[in-house]
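Everything below concerns the one structure shown next.
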Amino acid sequence: MIEKETTQFKPSLKLMDATMLVAGSMIGSGIFIVSADITRNVGSSGWLLVVWLITGFMTLTAALSYGELSAMFPKAGGQYIYLKEAYNPLISFLYGWSFFTVIQTATIAAVGVAFAKFTAYLVPALSEDLVAIDLGFFTISPAQLLAIGVIILLTYINNRGVNGGKVIQTTFTVAKLLSLFGLIAFGLFFLDKGIWKTNWENMWVLGPLSADGNIGSYTTLAAFGAIAAAMVGSIFSSDSWHNVTFIAGEIKNPARNIGLSLALGTIIVTVLYILTNVMYTGVLSLHDIAYADKDRVAVSAANHIFGTAGTIIIALMIMVSTFGCNNGLIMAGARVYYSMAKDGLFFKKVGTLNKNAVPGFGLWIQCVFACLWCISGKYGDLLDMISFVVVMFYMLTIFGIFILRKKRPDAERPYKAFGYPVLPIIYMVMGLAFCILLIIFKPKFTWPGLIITLIGIPVYYLIKGSIARQDLKAKEAVDVGG
């Protein structure tokens, strides 16, 4: 039986659903892990919180700025559409290309494997250290197979309509928010006063924290570089907040609810992240945070609070968190490819909706690519490398507000960027400083992601050339027929 297609998205998501998509897509496994690397870079509790505060400020500022763009262009594709409208199709394609090849698909893979890794705490047979399939030239672990299974399951659910994905997103996000608040509350209740006092005595010392507990020192410029390197983890943990803009065509009253959900979701998560790190400094020494086993800071904290049951509690929390996070990533991502296909810059079939009013073909192509990243095992390295590219596209998008205000001064703007022009300028200055410092001090975090993005330039022109040849052939056929 041939599946019938529909031509329009169905607005099914309310403000609550959109807010849960923002918060749920942000909270994966990062907050449970990355504070270890941040602490190793900055060496003190005060600077640990500063890194999270800077990231939170940048995230909230960007979200409030995106509100104006989402109100102007409330349709599927989000950031891809904003870049096209402010600049040109090449810039938006480079974003879509980077988004598909690495940003979204590698993130889906990383979050899927994180789910599997913590499931292995409860079911050791699913460990990443075991071999499920040995192909000679490489092996596949049970954790990778489980990650692939989860990605396929969530893709299937979202392929059957937005309502199924909505229920999973809202349910799992509410569950993870409550459980994270609960962990914070228990941690602060069982706070160790001795550890707290020690951690906060020299709160503004800035230097690398070594395994023997000594804190080194930085030159002034190197200190800024260390902060930028530390922010790679916090930015990754706070990313994907803008996924709600991709699914604008399925949100009720998008001109109002997208901007509001961006603000509410990012505020909730920023507060949670800061409180979580305050809790860490109340139950663990800085050395224990920095050198937690496999960087699993939350596991160490939970073991301190709950005893041996802490590992199981955190494993369950991260399973809930990553499952819900991946649902949001999978749901939203395919809408970007849909918009690209509508512009003739992706497979034509991706630009169609199935009988359930979702871009089914786009969902399955995303699924295949994410599963390939799971098998490769290289998603973690790539995610470190794309923080530079992610912030670069955020800056371009926010600068697009200034461009569009000049190009289209009379365009309808149901919502205007909060704090314009001051806050958007502050974001761009901070983002530019972050990118420059990474180029200087952590080039391995910059050039691979930049190369992946730049590869999109010849790809774009190859596609445009192919389209031009097809149009020419069609014109010639008409002329001959005439």
Side chains of [X] and [Y], heavy atoms from C-beta outward: is any pair under 4.5 Å?
{"X": "Glu68", "Y": "Arg405", "answer": "yes"}
{"X": "Gln366", "Y": "Ile108", "answer": "yes"}
{"X": "Met395", "Y": "Cys435", "answer": "yes"}
{"X": "Cys325", "Y": "Lys176", "answer": "yes"}
{"X": "Leu329", "Y": "Leu154", "answer": "no"}
{"X": "Thr61", "Y": "Ile426", "answer": "no"}
{"X": "Tyr420", "Y": "Phe402", "answer": "yes"}
{"X": "Ile463", "Y": "Phe93", "answer": "yes"}

Checklist entry - With distance as the sole criterion, is a donor-acceptor pair present between the side chains of Ser98 and Thr453 under 3.5 Å? => result yes
field: Test log, rule side chain to side chain contact (heavy atoms under 4.5 Å, CB included), inputs Thr245 and Tyr80
entry: CA-CA 10 Å; Thr245 68; Tyr80 170 82; over 6 Å; no
task = For the pair Glu85 and Arg408, find out whether any cationic side-chain nitrogen is under 4.0 Å from an anionic carboxylate oxygen.
result = yes
**Report entry** Asp17 bridged to Lys14 by N-O distance under 4.0 Å
**Finding:** no
Checking Arg335 against Phe9: charged group under 6.0 Å from the ring centre and within 45 degrees of the axis?
no
side-chain contact (heavy atoms from CB on, under 4.5 Å) test vs Trp241 passes for just one of Thr59, Thr270, Leu60, namely Thr59
Paired with Leu404, the side-chain contact (heavy atoms from CB on, under 4.5 Å) test is passed by just one of Phe73, Tyr82, Phe399, namely Phe73
So does Phe224 have more than 12 non-hydrogen atoms from other groups sitting under 6.0 Å from CZ?
-> no
Are more than 12 heavy atoms, taken from residues, nucleotides or ligands other than Tyr87, located less than 6.0 Å from that residue's OH atom? yes
Hey, could you give me the [atom1]/[atom2] distance between [X] and [Y], rounded to the nearest 0.5 Å?
{"X": "Ile31", "Y": "Met26", "atom1": "CD1", "atom2": "CE", "result": "10.0 Å"}
{"X": "Ser261", "Y": "Leu21", "atom1": "OG", "atom2": "CG", "result": "7.5 Å"}
{"X": "Met58", "Y": "Met430", "atom1": "CE", "atom2": "CE", "result": "5.5 Å"}
{"X": "Thr55", "Y": "Phe236", "atom1": "OG1", "atom2": "CZ", "result": "13.0 Å"}
{"X": "Leu438", "Y": "Ser387", "atom1": "CG", "atom2": "OG", "result": "7.5 Å"}
{"X": "Met331", "Y": "Ile157", "atom1": "CE", "atom2": "CD1", "result": "10.0 Å"}

Working for side chain to side chain contact (heavy atoms under 4.5 Å, CB included), residues Asn243 and Gln104
CA-CA 10 Å; Asn243 272 250; Gln104 197 78 348; 2.9 Å; yes
**OP:** In sequence, state the C-alpha distance, the side-chain angles, and the governing distance for Ile227 and Phe434, and then conclude on side chain to side chain contact (heavy atoms under 4.5 Å, CB included).
**Re:** CA-CA 9 Å; Ile227 292 170; Phe434 170 78; over 6 Å; no
In short, salt bridge (charged side-chain N to carboxylate O under 4.0 Å, His left out) pairs touching residues 101-115 with sequence neighbours left out are none
- Evaluate the ring-ring contact (aromatic ring centres under 6.0 Å, His included) criterion for residues Phe118 and Tyr121: first the C-alpha distance (whole Å), next the side-chain angles of each, then the deciding distance (0.1 Å), finally the verdict. CA-CA 5 Å; Phe118 283 90; Tyr121 273 108; 5.4 Å; yes
Does [X] reach the main-chain N or O of [Y] with its side chain, forming a donor-acceptor pair under 3.5 Å?
{"X": "Glu250", "Y": "Ser12", "result": "no"}
{"X": "Asn257", "Y": "Lys252", "result": "yes"}
{"X": "Asn354", "Y": "Phe361", "result": "no"}

Sorted by chain and residue number, the ring-ring contact (aromatic ring centres under 6.0 Å, His included) partners of Phe393 (sequence neighbours excluded) come out as Tyr95
ring-ring contact (aromatic ring centres under 6.0 Å, His included) with Phe369: of Trp364, Phe99, Phe100, only one passes, and it is Phe100
- Task: Go through the steps to decide whether Asn158 and Asn327 satisfy the test side chain to side chain donor-acceptor pair (under 3.5 Å), and finish with yes or no.
- Result: CA-CA 8 Å; Asn158 280 281; Asn327 180 73; 3.0 Å; yes
Residue pair Trp447, Phe388: steps toward the side chain to side chain contact (heavy atoms under 4.5 Å, CB included) verdict: CA-CA 9 Å; Trp447 63 265; Phe388 173 85; over 6 Å; no
Sequence neighbours excluded, the answer for side-chain hydrogen bond (donor to acceptor under 3.5 Å, both in side chains) partners of Thr105 is Trp373
